[in-house]
Amino acid sequence: MKKNIFIICSFFLASCSSIKTEEKIIQDFAIRSSLLKSNYENPTYLISESGSRIKALEYYEIAYLERTKPDGIRRKIDCSRNTIIGWPIDSIEINALKKNYTKDTISYYWKKNNFKKLQIPIIKYNDLKVKMKSDDFPTGTIAYIFSKPIISLNGKFALLFYSEIGYFRKTDGGDGKAVLLEKINQNWVLKNSFSKSFD
């Protein structure tokens with residue numbers, strides 16, 4: 001009985017620690033990139049429903065497979081920086097992460113207490129769409145959808161996917177972007193971003 005209680009408590013603590021790490025990754029990226037700011041002239045929102053995090057791994061994998069293509073050759077995925085020294089997540093780890101996360105299809109909903117430092121209003125996706133159709137939001141309103149991060153096996157890197165909904169064009173932000181972050185001095189720092197290339 002005591003052993004079972006210990007196992008349950010250990011699992012609960014590990015789960016809480018994982019959630020805190022995920023929240024920290026998103027907060028650090030959002031603050032440093034100035035994506036989620038409450039002091040914009042026009043409102044900025046966070047969609048409560050999290051996006052698909054496997055997309056971040058898919059974008060990174062394509063960029064990784066295309067890393068040897070010479071300059072001037074069209075790539076499926078564009079990197080914000082043409083090269084990544086060492087590519088911290090290699091093909092072996094990509095496959096391992098796929099096994100860990102591909103079956104993770106449970107929806108997650110962000111709450112205000114997840115991101116206390118951001119002080120950003122959170123809205124449901126359908127509620128936002130209703131308001132956009134009724135013209136309740138001013139032109140320039142932006143909302144972001146963030147996935148839960150994928151964390152590398154050594155805990156030093158993370159992949160995150162986000163997309164944008166802009167009232168000024170009433171679109172869902174296209175295909176979004178994946179970002180690679182590195183943990184440096186307890187903070188998560190942007191190393192590269194990945195997006196679909198366009199002709």
Side-chain angles (χ1 to χ4, degrees), residues 10 13-40 44 46-47 50-69 71 75 77-102 104 108 110-120 122 142 144-164 173 175-197:
S10 297
L13 290 172
S15 177
C16 289
S17 176
S18 175
I19 291 171
K20 291 295 182 185
T21 300
E22 292 171 351
E23 292 171 1
K24 175 81 164 111
I25 290 168
I26 294 175
Q27 284 192 144
D28 284 358
F29 171 65
I31 290 170
R32 289 172 182 271
S33 62
S34 299
L35 283 180
L36 301 179
K37 275 194 173 181
S38 58
N39 60 350
Y40 278 176
T44 303
L46 174 65
I47 299 297
S50 66
S52 168
R53 62 177 163 187
I54 199 65
K55 273 192 174 183
L57 188 59
E58 289 172 354
Y59 277 38
Y60 178 90
E61 180 180 25
I62 294 171
Y64 177 82
L65 294 173
E66 294 182 328
R67 69 193 186 283
T68 57
K69 280 189 176 182
D71 292 339
R75 291 175 168 84
I77 296 293
D78 287 329
C79 301
S80 61
R81 294 155 194 166
N82 291 331
T83 59
I84 302 178
I85 298 174
W87 287 84
I89 301 174
D90 61 16
S91 58
I92 295 173
E93 185 167 358
I94 288 171
N95 289 328
L97 292 172
K98 276 184 181 178
K99 291 180 180 178
N100 289 344
Y101 291 102
T102 299
D104 181 10
Y108 188 82
W110 302 119
K111 303 175 184 65
K112 285 186 178 180
N113 60 2
N114 292 130
F115 309 112
K116 293 178 182 177
K117 289 183 179 179
L118 296 179
Q119 297 181 339
I120 188 82
I122 297 177
I142 297 174
Y144 290 96
I145 300 173
F146 276 85
S147 73
K148 294 184 76 178
I150 288 179
I151 301 172
S152 65
L153 299 180
N154 63 11
K156 294 180 180 179
F157 296 91
L159 289 166
L160 177 68
F161 190 86
Y162 73 95
S163 56
E164 175 187 312
D175 296 299
K177 284 185 178 182
V179 292
L180 173 69
L181 302 115
E182 182 180 5
K183 189 176 184 180
I184 300 175
N185 297 326
Q186 304 306 311
N187 292 311
W188 292 89
V189 180
L190 177 66
K191 301 298 290 184
N192 212 325
S193 63
F194 311 90
S195 58
K196 283 190 175 181
S197 59

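Counting heavy atoms from C-beta on, the side chains of Y59 and K196 come closer than 4.5 Å. Two residues are said to be in side-chain contact when any heavy atoms from C-beta on lie closer than 4.5 Å; I150 and N100 fail this criterion. Here the side chains of D90 and Y64 are in contact, with some heavy-atom distance below 4.5 Å. Counting only heavy atoms from C-beta outward, the side chains of L57 and R53 never approach each other to under 4.5 Å. Looking at P149 and L181, their side chains never come closer than 4.5 Å, going by heavy atoms from C-beta outward.
Closest non-hydrogen pair, N187 versus R32, comes out as CB-NH2, 3.6 Å. Of all heavy-atom pairs spanning A56 and A178, the tightest one is CA-CB, 3.8 Å.
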Inset, instruction - Show the numbers, then the answer: is there a side chain to side chain contact (heavy atoms under 4.5 Å, CB included) between I26 and W188? - result: CA-CA 9 Å; I26 294 175; W188 292 89; over 6 Å; no
Inset, instruction - Would you sort out whether Y60 and F161 count as a side chain to side chain contact (heavy atoms under 4.5 Å, CB included), showing the intermediate values? - result: CA-CA 10 Å; Y60 178 90; F161 190 86; over 6 Å; no
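Residues meeting the ring-ring contact (aromatic ring centres under 6.0 Å, His included) test with F157, sequence neighbours left out: none. Judged as a side chain to side chain donor-acceptor pair (under 3.5 Å), and not counting sequence neighbours, K112 has no contacts. For the salt bridge (Lys or Arg N to Asp or Glu O under 4.0 Å) test, no residue two or more places apart in sequence or in another chain qualifies with K156. In this view, Y162 and F29, F146 satisfy the ring-ring contact (aromatic ring centres under 6.0 Å, His included) rule, not counting sequence neighbours. With sequence neighbours left out, the side chain to side chain donor-acceptor pair (under 3.5 Å) criterion links E93 to no other residue. With sequence neighbours left out, the salt bridge (Lys or Arg N to Asp or Glu O under 4.0 Å) criterion links K24 to D28.
We find the CG-NZ distance between N192 and K177 to be 10.5 Å, quoted to the nearest 0.5 Å.
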